[in-house]
Amino acid sequence: MAPAGRRRPLTQDTSSRHDPELHAAARHFGRRRFFTVTAAAAALAFSANLPARGVAVGKELDGARIPSDPFTLGVASGDPLPTSVVLWTRLAPAPYEPGGGLPAQYVGVEWEVASDERFATVVRWGLVIAHPEYNHSLHVEVEGLEPGRVYYYRFRTGTWISETGRTRTAPATTAAAATLTYAAVACQAYHDGYFTVHRHLAQDDVDVVFHLGDYLYEYAVNSAGGARNYTDRKLPGLYNREARTLEDYRLRYALYKSDPDLQAAHAKHPFVVTWDDHETENNYAGAVSENNDPPQEFLLRRAAAYRAYWENQPLRGTQRPSGPDMQLYRRLQWGTLAQFDVLDTRQYRSDQAYGDTLHAPGPETDDPARTLTGTTQENWLIDGWRASQALWNVMPQQVCFSQRRFDVGAEARTSMDAWDGYRASRRRVLDGAKSAGVDNLLVMTGDVHVGYAFEIKEDFDDPASKTLGTEIVATSVASGKDGADKPGNWDTYMKANPHLKFYNGRRGYVRVSLDREKARADFRTVTAVTTPGAPVSTAASFVTEAGNPGLEPV
């Protein structure tokens, strides 16, 4: 998310800051050919000499010779299926150093999954290789688990044992699951405050967490940690610059993942992650850079960002990127209770209309040739709805789906970065939901650093038109600093958007409880993030009845 009027001119030359192997690939092609082969070139650069999964090459580093705890970045799990879950960790005894403090050697790591926290009954175990080419990150896809149950897991190398993580599998696909409770979080700018929200989330009783983007920010973080204002430590100077290279992004993940509150949330709950813009660059659109970088230059940066994202998230091998391309959209089910269609609204989108300034709707926003999702993903989404057997169809994604007018009046401005800037694209999605017979559409959103509850209307300009679904917008974990219950534009937004039923500007997360009769959304907020330890409370709660779209306050 950025203020209006982006596409600022680039003030420094970044042409020499990308990784040498990427530029070697770039120089292989002539300038005229580059636009058609950039993806292939970057893919080649990022796959050259990479080991096959599970194959050890080169020289081994005995885990017993690692002099300090290599599990400084915690553990995580993700993408729960009925019989499988992904386990993640990364070896980094010196996380704030390039390479994480390990030499360019592979390390053998044992893992085990148990049905109890004491590991008295270990049900799955194995040995996996932490490759230096993947920054010593591990993605273990555990198979053969039982549906709908809790498991515990941990890693070991040498004498070092990781903390214990807790995860769970989804119910069987055909199971008539009665309930599901999930949380949604987004936007965790380290330099804007503490991750107190994650500490409270770790203590909440939820089945799964959806992270809706902006897991990290590419922006510089000073030695005091920005608004955290550290007095007991100094962050290395290498963080006090914008992330652009593979090493930059890897180090930025190390900074974020070293946060104990974020580690606690990952250790307690499985996460389903998707990105927004800041994991790469603010408000980028497909191959178009915010800074008007040449496409070939920006795609190299995107390749670095996507590689670091996969390395540092609990994602399966099917999500592993190829150069600047990575299929992150995917589908998960919770029995017949819920289907989750996780979107990627950054990688395939058309450039923002009207220079990405706040603007009233016009010919560009309604141009059917423009898309937020890309045609392939759009068709995948609608086809998935047509085949869905779930009671609730949930769409976790990034930017505001409902109309959001910033002014009162006929020429009210809207955001060109959100679905308002791609109205034809939104119309196709809503028409697809109707044609597929989706009765209980629930859109989950992040990005905007505030909490919203919207009713999705057939015609947003007609409050009396049919309600097609509901949209719940999770506020930020830290971005925007402390915020306020009623931001200064609260009255204007509520008047300009009759379908907006709730607006709060504090930091927090959303907890959603689904059953066969209703969905309940609780907006959980904290009073401050610029100081640690703030308490959490429920700012508001809303219920949507199955078969009756709309929001009722509780």
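The analysis underlying the following values was restricted to heavy atoms, covering all of them including side chains, and did not include hydrogens, waters or symmetry mates.
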Point to revise | Side chain proximity check, Val473 to Phe454, heavy atoms < 4.5 angstrom | key: yes
Point to revise | Leu337 to Arg516 - nearest heavy-atom pair and separation | key: N-NH2, 3.6 Å
Check your understanding: Can any side-chain N or O of Glu281 pair as donor or acceptor with the backbone N or O of Glu218 at less than 3.5 Å?
Key -> no
Check your understanding: Do Thr445 and Glu471 have a side chain donor and acceptor closer than 3.5 Å?
Key -> yes
**Study point:** Partner set under ring pair (Phe, Tyr, Trp, His ring centres under 6.0 Å) for Phe119, not counting sequence neighbours
**Key:** none
Practice item. Look only at the side chain of Ser84 and the backbone of Leu81, and say whether a donor-acceptor pair between them is shorter than 3.5 Å. Key: no
Review point. Just checking, any donor-acceptor pair under 3.5 angstrom between side chains of Arg511 and Ser541?
Key: no
Exercise for review: Before giving the answer on ring pair (Phe, Tyr, Trp, His ring centres under 6.0 Å), spell out for Trp111 and Tyr153 the whole-Å C-alpha distance, their side-chain angles and the decisive distance to 0.1 Å.
Suggested key: CA-CA 7 Å; Trp111 59 270; Tyr153 63 95; 9.8 Å; no
Point to revise | Leu216 versus Tyr256, closest heavy-atom pair with distance | key: CA-CE2, 3.4 Å
Review point. Of all residues at least two apart in sequence or in a different chain, which pass the ring pair (Phe, Tyr, Trp, His ring centres under 6.0 Å) check with Phe340?
Key: Tyr182, Phe210
Point to revise | Shortest non-hydrogen contact from Gly101 toward Pro93 | key: O-CG, 4.0 Å
Review point. Ser388 and Asn393: which non-hydrogen atoms are nearest, and at how many Å?
Key: OG-OD1, 2.9 Å
Practice item. Could you list the residues that satisfy side-chain hydrogen bond (donor to acceptor under 3.5 Å, both in side chains) with Tyr422, not counting sequence neighbours? Key: Arg349
Review point. Partners of His269 by ring pair (Phe, Tyr, Trp, His ring centres under 6.0 Å), sequence neighbours excluded?
Key: none
Point to revise | Derivation and outcome, side-chain contact (heavy atoms from CB on, under 4.5 Å), residues Trp334 and Gln339 | key: CA-CA 6 Å; Trp334 206 263; Gln339 175 173 295; over 6 Å; no
Check your understanding: Pairs in or reaching into residues 182-203: which pass salt bridge (Lys or Arg N to Asp or Glu O under 4.0 Å), with residues at least two apart or in two chains?
Key -> Arg199-Asp261
Point to revise | No-hydrogen, no-angle side-chain donor-acceptor test under 3.5 Å, Gln397 and Trp419 | key: yes
Review point. Any idea which heavy atoms bring Ile472 and Ala453 closest together, and the distance?
Key: CD1-CB, 4.3 Å
Review point. Under 3.5 Å, side chain of Ser162 to main-chain N/O of Phe155, donor-acceptor pair present?
Key: yes
**Study point:** Inter-residue atom distance Gln398.CD - Met444.CE, 0.5 Å rounding
**Key:** 12.5 Å
Review point. Any donor-acceptor pair under 3.5 Å linking the side chain of Ser479 with the backbone of Cys187?
Key: yes
Check your understanding: Relative to each other, are the rings of Tyr217 and His278 parallel, tilted or perpendicular (30° and 60° limits)?
Key -> parallel
Point to revise | Pair Asp522 + Arg520, salt bridge at N-O below 4.0 Å | key: yes
Practice item. Spell out, as yes or no, whether a donor-acceptor pair under 3.5 Å connects the side chain of Tyr249 to the backbone of Ala304. Key: no
Review point. His139 and Trp310: ring pair (Phe, Tyr, Trp, His ring centres under 6.0 Å), yes or no, with the steps?
Key: CA-CA 9 Å; His139 302 75; Trp310 181 83; 3.9 Å; yes
Review point. If we only count heavy atoms from C-beta on, is the Val185 to Leu212 side-chain gap below 4.5 Å?
Key: no
Tell me which donor-acceptor pairs under 3.5 Å the side chains of residues 142-152 have, and how far apart each pair is, sequence neighbours excluded?
from, atom 1, to, atom 2, distance (Å)
Tyr151, OH, Glu146, N, 2.9

**Study point:** Separation of Thr373 OG1 from Gln347 CD (nearest 0.5 Å)
**Key:** 12.0 Å
Practice item. To the nearest 0.5 angstrom, please state how far the CZ atom of Phe523 sits from the OG1 atom of Thr538. Key: 11.0 Å
Study note, to complete from the structure: For Trp160, the ring pair (Phe, Tyr, Trp, His ring centres under 6.0 Å) test, sequence neighbours excluded, returns none
**Study point:** Donor-acceptor under 3.5 Å (Thr121 side chain, Ser115 main chain)
**Key:** no
Check your understanding: So, Thr525 side chain and Arg506 main chain: donor-acceptor pair closer than 3.5 Å or not?
Key -> no
Point to revise | Ala264 backbone acceptor or donor facing Glu163 side chain under 3.5 Å | key: no
Check your understanding: Looking at side-chain heavy atoms only, is the closest gap between Asp447 and Ser476 below 4.5 Å?
Key -> no
Practice item. Name all residues meeting the side chain to side chain contact (heavy atoms under 4.5 Å, CB included) criterion together with Glu311; count only those two or more places apart in sequence or in a different chain, and write none if there are none. Key: Tyr134, Asn135, Ser137, Arg250, Arg307
**Study point:** Pair His198, Gln188: side-chain N/O donor-acceptor within cut-off below 3.5 Å
**Key:** yes
Exercise for review: Sequence neighbours left out, what passes side chain to side chain contact (heavy atoms under 4.5 Å, CB included) with Thr467? Give chain and number order.
Suggested key: Glu455, Lys457, Pro549
**Study point:** Ring geometry between Tyr306 and Trp275 (parallel below 30°, tilted from 30 to 60°, perpendicular above 60°)
**Key:** parallel
Exercise for review: With rounding to the nearest 0.5 Å, note down the distance linking CG in Leu91 to NE2 in His136.
Suggested key: 6.5 Å
Point to revise | Qualifying side chain to side chain donor-acceptor pair (under 3.5 Å) pairs, either residue in residues 63-77, two or more places apart | key: Ser77-Thr167
Check your understanding: Which salt bridge (Lys or Arg N to Asp or Glu O under 4.0 Å) pairs, counting each pair once, include a residue from residues 327-339, with sequence neighbours left out?
Key -> Asp79-Arg330, Arg331-Asp341
Point to revise | Pair Arg316 + Glu141, salt bridge at N-O below 4.0 Å | key: yes
Check your understanding: Is the Lys NZ or Arg CZ of Arg90 less than 6.0 Å from the centre of Phe71's six-membered ring, within 45° of the axis?
Key -> no
Exercise for review: Return the orientation label for the Tyr106 and His131 ring planes: parallel under 30°, perpendicular over 60°, tilted otherwise.
Suggested key: tilted
Review point. Does a side-chain N-to-carboxylate-O contact under 4.0 Å join Arg124 and Glu112?
Key: no
**Study point:** Tyr215 and its side-chain contact (heavy atoms from CB on, under 4.5 Å) partner, picked from Asp276, Thr274, Leu262, Asn312
**Key:** Leu262
**Study point:** Option from Tyr503, Phe502, Phe401, Phe542 for which ring-ring contact (aromatic ring centres under 6.0 Å, His included) with Tyr452 holds
**Key:** Tyr503
Study note, to complete from the structure: Partner of Asp417 under side-chain contact (heavy atoms from CB on, under 4.5 Å), picked from Leu372, Asn282, Val399, is Val399
Review point. Are the side chain of Thr336 and the backbone N or O of Ala175 linked by a donor-acceptor pair below 3.5 Å?
Key: yes
Review point. Judged by atom type as modelled, is there a donor-acceptor pair below 3.5 Å linking the side chain of Gln319 to the main-chain atoms of Leu328?
Key: no
Check your understanding: Does Leu551 reach the side chain of Val543, with side-chain heavy atoms less than 4.5 Å apart?
Key -> no
**Study point:** Pairs touching residues 428-445 that satisfy salt bridge (Lys or Arg N to Asp or Glu O under 4.0 Å), sequence neighbours left out
**Key:** Glu378-Arg428, Arg427-Asp431, Asp431-Lys434, Lys434-Glu458
Check your understanding: More than 12 non-hydrogen atoms from neighbouring residues, nucleotides or ligands closer than 6.0 Å to CD on Glu545, yes or no?
Key -> no
